[in-house]
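Order of the sequence lines sets the chain letters (A, B, ...), proteins ahead of strands, with each chain counted from 1. Only this structure's heavy atoms are used, side chains among them; waters, hydrogens and symmetry mates stay out.
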Amino acid sequence: MKRIALFAAAAFATLPAHADRLPIPADAPPAFAAECGGCHIAFPPSLLTADDWRRVMASLDKHYGDNAALDDRTRRAIGDFLERSAGSGRRTEGANAGNGALPRLTISNWFRRKHDEVPAAAWKDKRIGSAANCAACHSRAEMGSYGERELRMPGGYLSER
Amino acid sequence: MKHLSLIALIAVSGAALAETPRQIGDAYAAAQGGGYRATAARGAEFFARKFNVSEKMPACSTCHTDSPAQAGRHAITGKTIKPLAPVANSERLSDPAKVEKWFTRNCKEVVGRECSAGEKADFVAFLAEVR
């Protein structure tokens, strides 16, 4: 526990304020939560660049191993929103693995650094399932809140350390 | 008082928009034509069938478990999926557009083709009678 507190202190020292808040912009079309939030939480648009989102939205029928095809009108409404709310710089770097693979916000340098104290066993836990399952541990992820105090890890991985 | 009646009006019009599982199932049966009669037994067989088209999602039960009354888990993302059966989740089978959207998406992914209106009618009949 002491180690976590130390880590948290170190993280706060190097990150700007409000790093735990990734709110969904208020001008999101209703389809954003309904469609993008169907199989995973509606991810914060700021964690990928506009170019990344364009690529994601151009291949929804082959969406990370699933078919997430939308009608054209819905796809455009969501795509426009993602592009105008997209991020840039530090939080989006490293999200592209290359080889034509789709960008993943869960492999950016920022995401990895923020999760580097999560043990390997936690990522393999069935109750968590994948790095895209933010709400498995971040109890208020759907509200865009990722504070350390809101963490509820299913296996108690953090408190065991 | 005026305020109250307005609320009542909104509540009534909201209820008018929602449909029952029976209405949604009947619409699919009518679309199949030929006086199609849906059966829950065929829907149950469809739900349990292993299609083995998609590697990660070979069957409905991959994500939805063996019982539509239970919460499931998305095979790729791990996100919790609310139960499919209206008995466990009253939002299910109430919005025809939503029902059709998920049939379209999941039939293509799991079954490997679009489902027929008759298959959808059977599936709805099955979910509606799960207890």
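There is no path of hydrophobic side-chain contacts, each under 4.5 Å, that joins B:I81 to B:V124. Follow the hydrophobic side-chain contacts under 4.5 Å out from B:V53 and you reach B:V111 in the same cluster. At a threshold of 4.5 Å between side-chain heavy atoms, the hydrophobic network of Ile, Leu, Val, Met, Phe, Trp and Tyr places B:M57 and B:F46 in one connected group. Under the 4.5 Å side-chain heavy-atom criterion for ILVMFWY residues, a single connected hydrophobic cluster contains both A:L60 and A:L48. Under the 4.5 Å side-chain contact rule for hydrophobic residues, B:Y36 and B:Y28 do not share a cluster.
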Just list the donor-acceptor pairs under 3.5 angstrom between chain B and chain A, please.
| unit_1 | atom_1 | unit_2 | atom_2 | d |
| --- | --- | --- | --- | --- |
| B:R73 | NH1 | A:R127 | O | 3.0 |
| B:H74 | NE2 | A:D66 | OD2 | 3.1 |
| B:T77 | O | A:S130 | OG | 2.8 |
| B:T77 | OG1 | A:C39 | O | 2.5 |
| B:G78 | O | A:N133 | ND2 | 2.9 |
| B:K79 | NZ | A:G37 | O | 3.4 |
| B:K101 | NZ | A:E35 | OE1 | 2.7 |
| B:K101 | NZ | A:E35 | OE2 | 3.4 |
| B:R105 | NH2 | A:E35 | OE1 | 3.3 |
| B:E109 | OE1 | A:N67 | N | 2.9 |

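Residue contact with chain B, scored on non-hydrogen atoms closer than 4.5 Å, involves the backbone of A:A69 exclusively. Heavy-atom distances place no part of A:A131 under 4.5 Å from chain B, backbone and side chain included.
Other residues, nucleotides and ligands contribute over 12 non-hydrogen atoms within 6.0 Å of the CZ atom of B:R49.
Remark: B:R42 pairs with B:D122 by the salt bridge (Lys or Arg N to Asp or Glu O under 4.0 Å) rule, at least two apart or across chains.
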